[in-house]
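Structure first, then comments.
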Amino acid sequence: MRVLLTGHQGYLGTVMAPVLAAAGHEVVGLDAGLFADCVLGPAPADPPGHRVDLRDVTAEHVAGVDAVVHLAALSNDPLGSLAPELTYDINHRASVRLARLARDAGVRRFLYASTCSVYGAAGGDELVGEDAPLRPVTPYAESKVRVEDDLRALADGDFTPVYLRNATAFGFSPRLRADIVLNNLVGHALLSGEVLVLSDGTPWRPLVHAEDIARAFTAALAAPRDAVHDRAFNIGGEGNNVTVAEIAGQVAEAVEGSKVVITGETGADPRSYRVDFSRFRAAVPGFDCAWSVKRGALELADAYREHGLGREAFERRFTRLAVLRASAEAGAVDDTLRRR
């Protein structure tokens with residue numbers, strides 16, 4: 001297929017583009033470029049693409065495309081708290097507009113990167129399936145729920161939206177994110193010798209490696225229409241349902257000489273849930289996640305050492321909030337964000 005990959009210069013998109021290409025697809029990127037320079041190690045070979053803000057996409061950008069893989073978003077909770085309306089404008093309204101343009105252009109399949117954080121304050125130890133109540137507690141998660149709802153109204157015999165609710169990502173990418181839990185804990189352990197946990201360590205977190213996300217999206221592109229049409233799927237593996245304290249323990253094993261420090265200063269996080277990932281395995285036989293938390297921690301530690309991750313880069317260059325604040329100071333993002 002000719003696949004339009006939005007967010008191809010982001011953390012996940014940089015990993016996904018070569019996976020899609022290796023499966024035989026022609027990949028065309030679309031990205032605003034805010035994180036294009038957030039590179040650790042050799043610069044990745046990006047596919048050809050459009051440098052455009054998601055809100056400025058036109059019919060021309062989706063012309064001749066067979067499928068859209070939509071990753072582009074402002075993607076974390078602090079960004080949502082900093083500028084909620086900007087998050088809704090980009091993540092929700094611009095995403096639905098892109099889907100309408102794609103449907104009108106004859107695009108057959110639209111894979112939407114949603115998130116398991118839509119379950120929010122699910123609580124308890126029972127596995128949460130796709131039919132569980134959605135309880136988003138942040139603008140980021142709420143924006144994902146709104147897009148899923150609106151895409152369902154667009155589904156028809158010619159247009160197949162699929163909602164892939166990714167668990168919390170981890171793992172190395174040439175365009176690193178250091179503000180997601182496992183990546184952050186490994187970096188802090190290498191730089192300070194401490195695996196620093198600010199919560200009480202009890203919340204459950206479902207995790208999934210960036211490469212497994214890329215493989216899942218690639219499998220969803222090839223799956224029979226009836227297996228995935230207008231359906232939501234949790235993406236990850238039950239073995240990676242872990243508490244924050246357990247994640248910290250795995251990191252301490254991966255980073256020799258480090259120790260776990262749980263301060264508890266932020267208390268118990270209400271966002272705690274364990275996720276059932278069996279629906280996607282049933283819909284796409286043969287798919288399973290390849291990466292464990294421990295293997296990912298070892299991969300990150302080796303990559304950080306190899307590429308010389310330093311404190312300034314860790315604290316500013318590879319966190320979404322810091323990068324956008326720096327972009328705001330340089331006049332590269334909206335007045336809405338600069339005013340905040």
Side-chain angles (χ1 to χ4, degrees), residues 11-12 14-16 18-19 22 40-41 113 115-117 119 125-129 164-190 194-197 199 201-220 233-260 262 269 271-307 309:
Y11 170 67
L12 292 179
T14 302
V15 174
M16 191 173 297
V19 173
L40 184 65
T115 172
C116 284
S117 65
Y119 303 119
D125 291 336
E126 297 298 319
L127 293 179
V128 176
L164 295 122
R165 295 174 180 168
N166 299 318
T168 299
F170 69 90
F172 182 72
S173 165
R175 288 190 174 93
L176 178 68
R177 280 190 65 174
D179 54 343
I180 43 183
V181 59
L182 182 61
N183 297 10
N184 184 275
L185 292 178
V186 173
H188 199 282
L190 282 167
E194 293 185 347
V195 187
L196 183 63
V197 177
S199 73
T202 61
W204 286 99
R205 288 288 183 270
L207 302 186
V208 63
H209 194 280
E211 185 179 289
D212 284 330
I213 292 175
R215 292 174 51 245
F217 275 71
T218 304
F233 297 99
N234 297 328
I235 303 300
E238 285 83 1
N240 287 341
N241 281 313
V242 284
T243 66
V244 174
E246 289 171 338
I247 298 170
Q250 296 278 18
V251 172
E253 291 183 16
V255 181
E256 186 176 352
S258 65
K259 63 178 181 179
V260 176
I262 299 178
D269 191 332
R271 298 164 298 175
S272 179
Y273 46 89
R274 299 172 66 232
V275 177
D276 180 357
F277 299 101
S278 61
R279 177 186 285 185
F280 191 69
R281 292 196 302 271
V284 186
F287 176 83
D288 208 351
C289 288
W291 286 83
S292 67
V293 172
K294 183 174 184 179
R295 183 184 170 201
L298 290 167
E299 175 209 31
L300 284 162
D302 289 344
Y304 288 178
R305 292 189 189 100
E306 178 182 355
H307 299 306
L309 178 69

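Throughout, residue positions are numbered sequentially from 1 according to the sequence presented.
- Side-chain contact between Val275 and Trp204: absent, with no pair of heavy atoms (C-beta onward) separated by less than 4.5 Å.
- Residues passing the salt bridge (Lys or Arg N to Asp or Glu O under 4.0 Å) test with Asp179 are Arg177, sequence neighbours excluded.
- The minimum heavy-atom distance linking Val15 with Val19 is given by the pair O-CG2, 3.4 Å.
- Of the inter-residue distances, the one linking Trp291 atom CH2 with Glu211 atom CD reads 6.0 Å to the nearest 0.5 angstrom.
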task: Applying side-chain contact (heavy atoms from CB on, under 4.5 Å), run through Asn183 and Tyr11 and close with a yes or a no.
output: CA-CA 12 Å; Asn183 297 10; Tyr11 170 67; 3.3 Å; yes

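- Below 30°, between 30° and 60°, or above 60°: for Tyr119 and Tyr273 the angle between ring planes is above 60°, a perpendicular geometry.
- Atoms CD and CG, from Glu306 and Leu40 in turn, are 9.0 Å apart once rounded to the nearest 0.5 Å.
- When all heavy atoms of Leu12 and Ile213 are compared, the pair lying nearest together is CD2-CD1, 3.9 Å.
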Criterion side-chain contact (heavy atoms from CB on, under 4.5 Å) on Thr202 and Ser272, from CA distance to verdict: CA-CA 8 Å; Thr202 61; Ser272 179; over 6 Å; no

query: Does the pair Asp302 and Phe172 meet the rule for a side-chain contact (heavy atoms from CB on, under 4.5 Å), with working shown?
result: CA-CA 10 Å; Asp302 289 344; Phe172 182 72; over 6 Å; no

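- The aromatic rings of His209 and Phe170 sit perpendicular, their planes meeting at an angle over 60°, well past the 30° parallel limit.
- Remark: Phe280 pairs with Phe233, Phe287 by the ring pair (Phe, Tyr, Trp, His ring centres under 6.0 Å) rule, at least two apart or across chains.
- Nearest heavy atom pair, residue Ser199 against residue Ile262, reads O-CG2, 3.3 Å.
- Listed for the Asn166 side chain is no donor-acceptor partner under 3.5 Å among the backbone atoms of Asn234.
- Scanning both residues, Arg274 and Asn241, for their nearest heavy atoms gives CA-OD1, 3.7 Å.
- Counting all heavy atoms, side chain and backbone alike, Phe277 lies closest to Cys116 at CE2-SG, 4.3 Å.
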Name the atoms and distances for all side-chain donor-acceptor pairs under 3.5 Å in residues 248-259, with sequence neighbours left out.
{"unit_1": "Ser258", "atom_1": "OG", "unit_2": "Val255", "atom_2": "O", "d": "2.7"}

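- With rounding to the nearest 0.5 Å, the separation of CZ in Arg279 from CZ in Arg165 is 8.0 Å.
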- prompt: After noting the C-alpha distance and the side-chain angles of Leu190 and Leu309, does the key distance pass the side-chain contact (heavy atoms from CB on, under 4.5 Å) rule?
  reply: CA-CA 9 Å; Leu190 282 167; Leu309 178 69; 5.8 Å; no

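- Here the side chains of Val195 and His188 are not in contact, with every heavy-atom distance at 4.5 Å or above.
- Between the OG1 atom in Thr218 and the CE atom in Met16 there is a gap of 6.5 Å [rounded to 0.5 Å].
- A donor-acceptor contact shorter than 3.5 Å is absent between the side chain of Thr168 and the backbone of Leu207.
- Distance CG/Leu185 to CD1/Ile180: 11.0 Å, rounded to 0.5 Å.
- Partner of Val293 under the side chain to side chain contact (heavy atoms under 4.5 Å, CB included) criterion, out of Leu182, Leu298, Val208: Leu182 alone.
- Here CD1 of Ile247 is found 15.5 Å from NZ of Lys294. Values are rounded to the nearest 0.5 Å.
- In this structure, Val284 and Ala219 approach most closely via the heavy-atom pair CG1-CB, 3.7 Å.
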